[in-house]
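A short worksheet on the structure shown next.
First listed ligand is number 1; within each ligand, the first listed atom is number 1. Since the model is a prediction, treat every value here as computed from it, not as a measurement.
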Amino acid sequence: MKLGIGSDHAGFAYKGKLIALLRKKGYEVVDFGTDSPASVDYPDIAHPLAKAVENGTVDAGIALCGTGNGMALTLNKHQGIRAGLAWNSEIARLVKAHNNANVLVMPARFISYAMATRIVNTWLTTAFEGARHERRISKIPCA
Ligand code: RB5
C-alpha cells in the first residue's frame, strides 16, 4: 500500500517519525512536506496530497497540522476526498469503519506521538463496513 503524508510546521516532527515507522512496517510512503519546522501554510501541503489521493498516485493519505482542522477543511474541498479527523483510537476506527476516510487527519498539538501511532495503526488495519455506510458516503459529494 502506498501512502501519502503531509503536514505543516505543527505536525512536522510527528510526520518524520511516522514516515520512518510506516516504512519499517513495509508501507511505501510519499512525503508531501513540509520539509522543515519553519512556518508554512497548510493548504500548500493539503492540495497536492488531496490530488494525489484523487488521481491514485497514492492509495490513501495522512495529514497533520496543529488542530487538524486546517488540513481537514482544505482536503475536504476536493470531491474525491473524505478526510476525517481522529484524536483517539476509537475515532480512528470509526472514521474508517463508518466513513471510509481516505485521508486520516490528526491534531499534532493535541495528541501525544504515542497516540498518533495508535491512531494510524488503527485506521490502517480497520476495514470499511460498507452497507448503510456505503449509501451514506455515496451521498457526500455535492452535485
Ligand atoms: C499553525 O499555527 C496552525 O494554525 C495550524 O497548524 C492548524 O492548526 C490550522 O488549522
Step-by-step side-chain contact (heavy atoms from CB on, under 4.5 Å) determination, Val120 to Ile62: CA-CA 8 Å; Val120 169; Ile62 297 171; 4.0 Å; yes
**Asked** For His9, is the nearest heavy atom under 4.0 Å from an atom of ligand 1?
**Response** yes
Note: ligand 1 atoms sitting under 4.0 Å from heavy atoms of Asp8 are 1 (C), 5 (C), 6 (O)
For Lys15, the side-chain contact (heavy atoms from CB on, under 4.5 Å) test, sequence neighbours excluded, returns Ile5, Ser7, Phe12, Ile19, Asp31, Leu64
Item to complete: Give a yes or no on whether atom 6 (O) of ligand 1 lies under 4.0 Å from any heavy atom of the protein.
Response: yes
A student checking ligand 1 against Gly66 at a 4.0 Å heavy-atom cut-off should list atoms 5 (C), 6 (O), 7 (C), 8 (O)
Residue pairs meeting side chain to side chain donor-acceptor pair (under 3.5 Å), one or both in residues 42-59, sequence neighbours left out, come to His47-His78, Glu54-His78, Asn55-Thr57
Within the 4.0 Å heavy-atom cut-off, what Arg109 brings close to ligand 1 is side chain
query: Under 3.5 Å, N or O to N or O, is Thr67 touching ligand 1 that way?
result: yes
Discussion item. Quick one, Met1 and Val58 - any side-chain contact, counting heavy atoms below 4.5 Å?
Written reply: no
Worksheet item: Does the N or O separation between Gly70 and ligand 1 drop below 3.5 Å for any pair?
Response: yes
Rounding to 0.5 Å, atoms CG (Leu18) and OG1 (Thr117) come to a distance of 7.5 Å
Note: ligand 1 atoms sitting under 4.0 Å from heavy atoms of Tyr42 are 9 (C), 10 (O)
Closest non-hydrogen atoms of Tyr14 and Ala108, given as atom of the first, atom of the second and distance, are CE2-O, 3.6 Å
Checking Asp8 side chain against Ala10 main chain: does a donor-acceptor pair fall under 3.5 Å?
yes
Contact region, Ala10 to ligand 1, non-hydrogen atoms below 4.0 Å, reads side chain
